Structures are given as structure tokens and as C-alpha cells.
Amino acid sequence: MVNIAMLYKTGHYINLKNISFDQSEDKMVLNKTTGNFFYDPWVIKDEYKGTVWQEILESLPLPQGEARLIRMKPGTTYMAHSDIDDRWHLNLQGEESYLIDLDNLDMHKLEKDGYWYRMDAGKKHVASNFGSIDRVQLVVRQLLTETVETDLVTVTITPRNETHDYRFQFDKYVSPWLNRANKKGIMKDFAHNGSKVTFKIVFSELENLKLTSDFEIITS
């Protein structure tokens, strides 16, 4: 399913009134993988068992992917990008902070209301903190699904030259397509190694992938 809105409110709720936290790092991973980074369930790290973080993560359905506590300083933003995997977002702190859908020029203000929000990360987006305090969010990856199709081709995509903006170009052309392919259930075995990505996909879907001359694609 491809969502019309980039971000929408779910029914998953946790009472944040009495929850306090002390996180100084910009990013803190709360769990660990049981196997493949993108496909296998993640479980909470031993040091966070019995803490408020376990309580919060248990307010989401299983299975879950990587869970990161992300802090953004006031007046900062990310580079425009998209992702292969969708996300769950829980806002813990902030004022005048937004997730911005650049495909539709739509701004989503982030509220500390205790509700998890589901994000279609295949849309080109940025996170921005226009406020005077740190924005803190818990962001959980949704696991990728493996296709049951058997007539697949193995694809490798690499940049011809690792220029300063190759990740920007990859996210502009490839990541949205990969996100849609995962939702359509026609891909499996996605992996990345530095700037190289590999995956298996239904062959006919490749005609919908529009690459610039900045990238090389190899099929086998």
C-alpha cells in the first residue's frame, strides 16, 4: 500500500506525561538485530530492558526494525532524501519541528501527543527543527518484506564516480523506486555495502527504474 499522505496518525499510543529521559547523543540505538538488518526482527538491548524505552517500544506492534532515538539541535535540518523502508515516529520533545514532504510541498508539524505516526519514507523529505529547543524523536524502521515470486533477477547498482552528491542522486531516483517495489511485494535480499546496493526483483519491474548516467546497473 502506498500512502497518499506522507505521515499519518495511528492508534498506537503511550502516555508520555510521566516519562523523562536523558540522552546526550545525537543518535542512540535501543535494540539489536536477530539476523538480517532489513528483514529480521530486532530485540531490545539488554541495557534497556525494564526501562522506559522497553515500555515505549512495546506500545508498537511486532515485529520491529531498528529503533533509534534521534536528537536534532535548534535551527538544523537534514539533506533531502528518501528511504527504502518506512518508519514509525514518536515525538518526545520539540517545538516548531516538522517532517516536510518535498514531493507534495506539505509540512507535518510534530506534536508530543503520545501517538505513533507512520511515515511513507519513499517520498522525498526532510526533518527540520525551527524551534529553540532540541527536537527528540524515537524512529523505528519497518521491516522489509521478501517476495514469494521465483522468477527474479539479481541487480547491482553502483555510482560510476563517488561524487559528493551520489547519495543525494541515489535517493532522488533509486530509493523511492525501491520503497515502492518493497510495498508491491516484488523484491527480496536487499543489501548495501558502502555505495553499492544489491537485490533480487521481478525482471519486468526494471523498466520502471529510471537511472541517470551517474549510476551503473548490472543484472545477472
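Worth knowing before you read on, the calculation uses all heavy atoms, side chains too, and leaves out hydrogens, waters and symmetry mates. Being a predicted model, the structure only gives us computed values, none of them experimental.
Atom-to-atom distance recorded for D103:CG and S82:OG is 8.0 Å, nearest 0.5 angstrom. Atoms CG and CD, from L152 and E205 in turn, are 12.0 Å apart once rounded to the nearest 0.5 Å. Expressed to the nearest 0.5 Å, how far CE of M6 lies from CG of D120 amounts to 8.5 Å. Separating the NE2 atom in H108 from the OG atom in S97 is a distance of 13.0 Å, to the nearest 0.5 Å. From I186, atom CD1 reaches atom CZ of R180 across 10.0 Å, with rounding to the nearest 0.5 Å.
Judged by distance alone, the side chain of R87 and the main-chain N or O of D85 form a donor-acceptor pair under 3.5 Å. Although no hydrogens or angles enter the test, the distance criterion places no donor-acceptor pair under 3.5 Å between the side chain of K124 and the main chain of A121. Without hydrogens or angle criteria, T147 side chain to G185 main chain gives a donor-acceptor distance under 3.5 Å. In terms of modelled atom types and a separation under 3.5 Å, the side chain of T10 and the main chain of W116 share a donor-acceptor contact. Y39 places a side-chain N or O within donor-acceptor distance of the main-chain N or O of D189, the cut-off being under 3.5 Å. Proximity of a side-chain donor or acceptor of N193 to a complementary backbone N or O of V197 within less than 3.5 Å is not detected. Remark: side-chain polar atoms of H125 are paired, donor with acceptor, to backbone N or O of H81 under 3.5 angstrom.
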**Message:** Does Y166 form a side chain to side chain contact (heavy atoms under 4.5 Å, CB included) with N161? I'd like the steps, not just the answer.
**Reply:** CA-CA 8 Å; Y166 84 87; N161 297 291; over 6 Å; no
**Prompt:** For T76 and S128, what are the C-alpha separation, side-chain angles and deciding distance, and is it a side chain to side chain contact (heavy atoms under 4.5 Å, CB included)?
**Reply:** CA-CA 6 Å; T76 60; S128 301; over 6 Å; no
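For the residue pair Q169 and D214, no side-chain donor N or O sits within less than 3.5 Å of a side-chain acceptor on the partner. Between the side chains of D101 and N104, a donor-acceptor pair is found at a separation under 3.5 Å. In summary, the side chains of Q142 and R118 do present a donor paired with an acceptor at a separation below 3.5 Å, with no hydrogens or angles considered. In the model, T34 has no side-chain atom that pairs as donor or acceptor with a side-chain atom of W42 under 3.5 Å.
Counting all heavy atoms, side chain and backbone alike, G65 lies closest to L143 at CA-CD2, 3.7 Å. The shortest heavy-atom contact between A80 and L102 is CB-CD1, 3.5 Å.
Ionic pairing of R135 and E96 is not present here: no N-O contact between side-chain nitrogen and carboxylate oxygen is shorter than 4.0 angstrom. For the pair E66 and K32, the salt-bridge criterion is not met [side-chain N within less than 4.0 Å of a carboxylate O]. Residues R167 and D165 are not paired through a salt bridge, judged by the lack of any N-O separation under 4.0 Å between the basic side chain and the carboxylate. Salt bridge status for D86 with R141: absent, with no side-chain N to carboxylate O gap under 4.0 Å.
Under a cut-off of 6.0 angstrom, the local environment of CE in M79 is sparse, with at most 12 non-hydrogen atoms contributed by other residues, nucleotides or ligands. Applying the 6.0 Å contact sphere to CZ of F203 captures no more than 12 heavy atoms from other residues, nucleotides or ligands.
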Anything under 3.5 Å between a donor and an acceptor, one on a side chain of residues 43-50, the other on a protein residue two or more places apart or in another chain? List them.
from	atom 1	to	atom 2	distance (Å)
K45	NZ	V29	O	3.2
D46	OD1	K49	NZ	3.2

